[in-house]
Undergrad: 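Please see the structure below; I have some questions.
In what follows, every heavy atom counts, from backbone to side chain, and hydrogens, waters and symmetry copies are set aside. Remember, predicted model here, so these are calculated numbers, not experimental data.
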Amino acid sequence: MSEPAILVAHLHKRYGDVVAVDDVTLTVEPGEVVAIVGANGAGKTSTVEMVAGLRTPDRGRVAVLGLDPRRDRAALRQVLGVQLQEPYLHHSLTVAELVDLYRSFYRAPRPAAELLDVVELGEQRGTRFERLSGGQQQRLSIALALVGRPKVVILDELTTGLDPRARRRVWAAIDALREETVLLVSHAMDEVERLCDRVAVLDHGRIVALGPPAELIAKAGASSLEETFMALTGTEPEEA
């Protein structure tokens, strides 16, 4: 049996009196696209940040391709790509300059032309970051997350605030991934239903449901993943 791409076992994280993550256990197999969904404060961001090595769990274990995110940081950077909800990039650099800068961080980066083709930004290669639309900035952040040929990619609210056409183009970029394992954080249930093999629903720091979207919908007797989410958590998904 192959090793999971992501292993999260009995994860706990507390901030003062608030328990943000409470005994979360989750495995993601190689090549899977798995979403973590939940209301604000459900523990999504804390869980993903511990997977990425940005926070240290109070208890529990995390492994990404067998690597400890905190102990094996240098090795992890070569196999993990992370796209943040709001990209903070040098506004005066062009698309091509940013891609070349990120490519310099890796031993065998993807070709720049291939990256820009995946996210459909070839025509904007000479455009400064500050002049890109919101959708173009998000697609560029995906390209930068893929520069180092990562085997695992974390995508955080990748289409928040985008218009329908821009969302569809971002979805197409994710569909173009063939070998990567993807951990997606999203409020958009249509996005999750469209892109993901499985969904983990978090509520008050705990996983309350886990499975393929269609299976969760059927078990809840609902007509959509959004209805299922509401039935499981008692809240509506926040608007993107």
Undergrad: Is the shortest heavy-atom distance from the side chain of Phe105 to the side chain of Val147 under 4.5 Å?
TA: no
Undergrad: Tell me the closest heavy-atom pair linking Asp68 and Arg70, and the distance in Å.
TA: OD1-N, 2.8 Å
Undergrad: So, Arg110 and Glu180, do they make that salt bridge, N to O below 4.0 Å?
TA: yes
Undergrad: I'd like to know whether NE2 of His204 has more than 12 heavy-atom contacts from other residues, nucleotides or ligands below 6.0 angstrom.
TA: no
Undergrad: For Arg61, does the CZ atom sit with more than 12 other heavy atoms under 6.0 Å from it, leaving out its own atoms?
TA: no
Undergrad: Using the side-chain contact (heavy atoms from CB on, under 4.5 Å) rule, take Val79 and Val152 through it: C-alpha gap first, then chi angles, then the decisive distance, then the call.
TA: CA-CA 6 Å; Val79 296; Val152 177; over 6 Å; no
Undergrad: Is there a side-chain contact between Ser104 and Leu101, using heavy atoms and a 4.5 Å cut-off?
TA: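 Yes, at least one pair of side-chain atoms sits under 4.5 Å.
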Undergrad: Roughly how far, to the nearest 0.5 Å, is CZ of Arg107 from CZ of Arg149?
TA: 12.5 Å
Undergrad: Less than 4.5 Å apart, any side-chain heavy atom of Leu140 and any of Val99?
TA: yes
Undergrad: Can you tell me how far the CZ atom of Phe129 sits from the CD atom of Gln137, to the nearest 0.5 Å?
TA: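 Spacing of CZ (Phe129) from CD (Gln137) equals 3.5 Å.
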Undergrad: Is there side-chain contact between Asp203 and Leu232, with at least one heavy-atom pair below 4.5 Å?
TA: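 No. Closest side-chain heavy atoms not under 4.5 Å.
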Undergrad: Enter the distance from Asp58:CG to Lys13:NZ here, rounded to the nearest 0.5 Å.
TA: 4.5 Å
Undergrad: If you measure from OG1 on Thr56 to CE on Met50, what distance do you get to the nearest 0.5 Å?
TA: 9.5 Å
Undergrad: Taking atom CZ of Arg128 as the centre, does the number of heavy atoms from other residues, nucleotides or ligands within less than 6.0 Å exceed 12?
TA: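 Atom CZ in Arg128 is not packed in, count stays at 12 or less.
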Undergrad: Provide the closest heavy-atom pair for Ala52 versus Pro69 in the form atom of the first, atom of the second, distance.
TA: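 For Ala52 and Pro69, the tightest heavy-atom pair comes out as C-CB, 4.2 Å.
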Undergrad: side-chain contact (heavy atoms from CB on, under 4.5 Å), that's the test. Do Gln136 and Thr127 meet it? Break it down for me.
TA: CA-CA 11 Å; Gln136 290 169 339; Thr127 304; 5.9 Å; no
Undergrad: What I'd like to find out is whether the side chain of His187 reaches to under 4.5 Å of the side chain of Asn40, using heavy atoms alone.
TA: yes
Undergrad: Treating Ile, Leu, Val, Met, Phe, Trp and Tyr as nodes and any side-chain heavy-atom pair under 4.5 angstrom as an edge, say whether Leu93 and Leu144 lie in one connected cluster.
TA: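 Same hydrophobic cluster.
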Undergrad: Measure the OG1-CG distance between Thr45 and Leu54 for me, rounded to the nearest 0.5 Å.
TA: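 Atom-to-atom, Thr45:OG1 and Leu54:CG are 11.0 Å apart.
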Undergrad: Can a salt bridge be assigned to the pair Glu32 and Arg198 using a cut-off of 4.0 Å between side-chain N and carboxylate O?
TA: yes
Undergrad: What heavy-atom pair brings Asp100 and Ala112 nearest, and what distance separates the two atoms?
TA: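 That closest heavy-atom pairing would be OD1-CB, 4.2 Å.
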Undergrad: Hey, any chance Leu225 and Met230 share a hydrophobic cluster, counting ILVMFWY side chains that come within less than 4.5 Å of each other, even indirectly?
TA: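 No, Leu225 and Met230 fall in different hydrophobic clusters.
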Undergrad: In this structure, which one of Leu202, Leu11, Ile207 forms a side chain to side chain contact (heavy atoms under 4.5 Å, CB included) with Val21?
TA: Leu11
Undergrad: Which atom names give the shortest non-hydrogen contact between Pro150 and Ala145, and what distance separates them?
TA: CG-O, 3.3 Å
Undergrad: Could you give the distance from CG (Leu216) to CD (Glu227), rounded to the nearest 0.5 Å?
TA: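 So the gap between those two atoms works out to 13.5 Å.
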Undergrad: Checking side chain to side chain contact (heavy atoms under 4.5 Å, CB included) between Ile174 and each of Val153, Ile142, Leu184, which is the one that passes?
TA: Ile142
Undergrad: Taking atom CZ of Arg125 as the centre, report whether more than 12 heavy atoms of other residues, nucleotides or ligands fall under 6.0 Å from it.
TA: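 Counting other residues, nucleotides and ligands, CZ of Arg125 stays at 12 neighbours or fewer.
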Undergrad: Between the main-chain N or O of Val34 and the side-chain N or O of Asp197, is there a donor-acceptor pair closer than 3.5 Å?
TA: no
Undergrad: Looking at side-chain heavy atoms only, is the closest gap between Leu80 and Ile154 below 4.5 Å?
TA: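 Result yes, sub-4.5 Å side-chain heavy-atom pair found.
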Undergrad: Answer yes or no: is there a donor N or O on one side and an acceptor on the other, between the side chain of Thr27 and the main chain of Leu7, under 3.5 Å?
TA: no
Undergrad: If every non-hydrogen atom of Ser223 is compared with every non-hydrogen atom of Ile217, which pair is closest and at what distance?
TA: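 That closest heavy-atom pairing would be C-CG2, 4.1 Å.
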Undergrad: Are any of the side-chain heavy atoms of Ile36 and Leu183 separated by less than 4.5 Å?
TA: yes
Undergrad: May I ask whether Val19 and Val24 are part of the same hydrophobic cluster, defined by side-chain heavy atoms of I, L, V, M, F, W, Y residues being less than 4.5 angstrom apart, directly or through others?
TA: no
Undergrad: For a quick test of reading the model, state the closest non-hydrogen atom pair linking Tyr15 to Ser46 and the distance between them.
TA: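 It is OH-OG, 3.0 Å.
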Undergrad: Using the rule given for side-chain contact (heavy atoms from CB on, under 4.5 Å), can you reason through Leu121 versus Leu115, listing the C-alpha separation, both sets of side-chain angles and the distance that settles it, and then say yes or no?
TA: CA-CA 9 Å; Leu121 286 177; Leu115 286 162; over 6 Å; no
Undergrad: Does the pair Asp156 and Lys44 meet the rule for a side-chain contact (heavy atoms from CB on, under 4.5 Å), with working shown?
TA: CA-CA 10 Å; Asp156 187 1; Lys44 305 184 304 297; over 6 Å; no
Undergrad: Whether the side chain of Arg55 engages the backbone of Glu49 through a donor-acceptor N/O pair (distance < 3.5 Å, no angle test) should be reported.
TA: no
Undergrad: Kindly indicate whether the side chain of Gln138, heavy atoms from C-beta on, has any atom under 4.5 Å from the side chain of Gln83.
TA: yes
